[in-house]
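Computed from a prediction, not measured in an experiment: that's the story for all the values here. All values below come from the heavy atoms of this structure, side chains included, with hydrogens, waters and symmetry mates left out.
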Amino acid sequence: MLGLGFKPQPKPERKPDAARPAHDKRPQGKAVADRRAHQGAPSSHPPHNAGRPARPNPPRASTGSPGPQGGKGRSREDIDLAKAYAIRAQREKDERIEAERLKQEQARERREAKARVAELLKDKALNDPEADIARHFNYGGKIKRVHVTPEQLAALNRGELGVIQSEGRYVLVDAQVLAQAKEIFAAAIALEVDPNAPVPADDYADPQFQIPDDLTW
């Protein structure tokens, strides 16, 4: 080939290792190993806190929860007792609410019944403004009275008439109206005479209460 005039192809020049200094004459593998050893080696300068005692960590604040061995936590008995108190308090509260609801319901029913009785008594009152006889009776634990005529007094004592309390008045009515009002609101019946009822015994009929004939006043 040389005799024919062909020149040999020049070999490419080998570039030096970029990370390897030009004056470093060590083999490439040796240089890489030395660099790695230098990077992992500890620094020759001591740390800024060398020679100082290690500061202990501050104690953690206790959360108050009992540890595995118990502690200051509430016992099972205390927890059960607190639950029992809570259940009883809730039950008493429910009972008070229910009692108040029943009370309001009863008051509403009374108002409605009284209104119905007042409506029933329209144009049915037999009270006579000229009556001058007072007929007394017991109603609500107190002595009340209604003024009647002699004829009305007799009819009242026979049970043919009756008295109803309505809107602050004592209304004299016949037995039929009295029965209707009794079905609506029995508490409004102020006086109802049963002619068949037995006459109560007079305490003063007993001989021990009789005055002797020879008694001198």
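Val171 and Ala125 make their closest contact through CG1-CB, 3.4 Å (heavy atoms, listed as atom of the first residue, atom of the second, distance). Heavy atoms only, all atoms of each residue included: Ala181 and Ile164 are closest at CB-CD1, 3.4 Å. Across all non-hydrogen atoms, the minimal contact from Pro129 to Asn127 is CD-O, 3.7 Å. Nearest approach of Ala175 to Gly159, heavy atoms of both residues: CB-O, 3.9 Å.
Salt-bridge annotation for Lys114 and Glu167: absent, with no side-chain N of the basic residue lying under 4.0 Å from a carboxylate O of the acidic one. Ion pairing between a basic and an acidic side chain is recognised when a charged N comes within 4.0 Å of a carboxylate O; Glu119 and Arg116 show no such pairing. For the pair Glu112 and Arg108, the salt-bridge criterion is met [side-chain N within less than 4.0 Å of a carboxylate O].
Residues Leu178 and Leu126 do not share a hydrophobic cluster, clusters being chains of Ile/Leu/Val/Met/Phe/Trp/Tyr side chains in contact below 4.5 Å. By the rule that hydrophobic residues join a cluster once side-chain heavy atoms approach within less than 4.5 Å of another member, Val117 and Val177 end up as members of one cluster. In this structure, Tyr139 is a member of the same hydrophobic cluster as Leu153, with clusters built from ILVMFWY side-chain heavy atoms closer than 4.5 Å.
Residue Phe185 holds its CZ atom at 11.5 Å from CZ of Arg111, rounded to the nearest 0.5 Å. Arg101 contributes atom CZ, which lies 10.0 Å from atom CD of Gln106 (distance to the nearest 0.5 angstrom). Between the CG atom in Asp174 and the CD atom in Gln176 there is a gap of 6.0 Å [rounded to 0.5 Å]. The NZ atom of Lys83 lies 12.5 Å from the CG atom of Asp78; values are rounded to the nearest 0.5 Å. Here Thr149 contributes atom OG1 and Asp132 contributes atom CG; the two are 9.0 Å apart, rounded to the nearest 0.5 Å. Atom NZ of Lys122 is separated from atom CG of Leu120 by 11.0 Å, given to the nearest 0.5 angstrom.
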**Request:** Could you please spell out the steps behind the side chain to side chain contact (heavy atoms under 4.5 Å, CB included) verdict for Arg88 and Arg91?
**Result:** CA-CA 5 Å; Arg88 187 178 69 177; Arg91 183 173 62 251; 3.5 Å; yes
**Prompt:** Where do Arg96 and Glu100 land on the side chain to side chain contact (heavy atoms under 4.5 Å, CB included) test, with the steps shown first?
**Reply:** CA-CA 6 Å; Arg96 289 194 301 269; Glu100 182 64 23; over 6 Å; no
**Item:** Test log, rule side chain to side chain contact (heavy atoms under 4.5 Å, CB included), inputs Val173 and Leu161
**Value:** CA-CA 6 Å; Val173 297; Leu161 299 179; over 6 Å; no
**Request:** Evaluate the criterion side chain to side chain contact (heavy atoms under 4.5 Å, CB included) for residue pair Arg135 and Asn157; output intermediate values, then yes/no.
**Result:** CA-CA 10 Å; Arg135 173 62 162 87; Asn157 293 333; 3.1 Å; yes
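For the pair Arg145 and Tyr170, the minimum side-chain heavy-atom distance is 4.5 Å or more. Residues Lys144 and Asn138 fail the side-chain proximity criterion, which asks for heavy atoms closer than 4.5 Å. Contact of the Arg158 side chain with the Val193 side chain is not registered, since no non-hydrogen atoms from C-beta on lie closer than 4.5 Å. When side chains are defined from C-beta on, Ile133 does not count as touching His147, because their heavy atoms never get closer than 4.5 Å. Counting heavy atoms from C-beta on, the side chains of Phe137 and Val146 come closer than 4.5 Å. Considering only heavy atoms from C-beta on, Val148 comes within 4.5 Å of Leu172 through its side chain.
When the shell of 6.0 Å around NZ of Lys124 is examined, it contains more than 12 heavy atoms from other residues, nucleotides or ligands. When the shell of 6.0 Å around CD of Glu77 is examined, it contains 12 or fewer heavy atoms from other residues, nucleotides or ligands.
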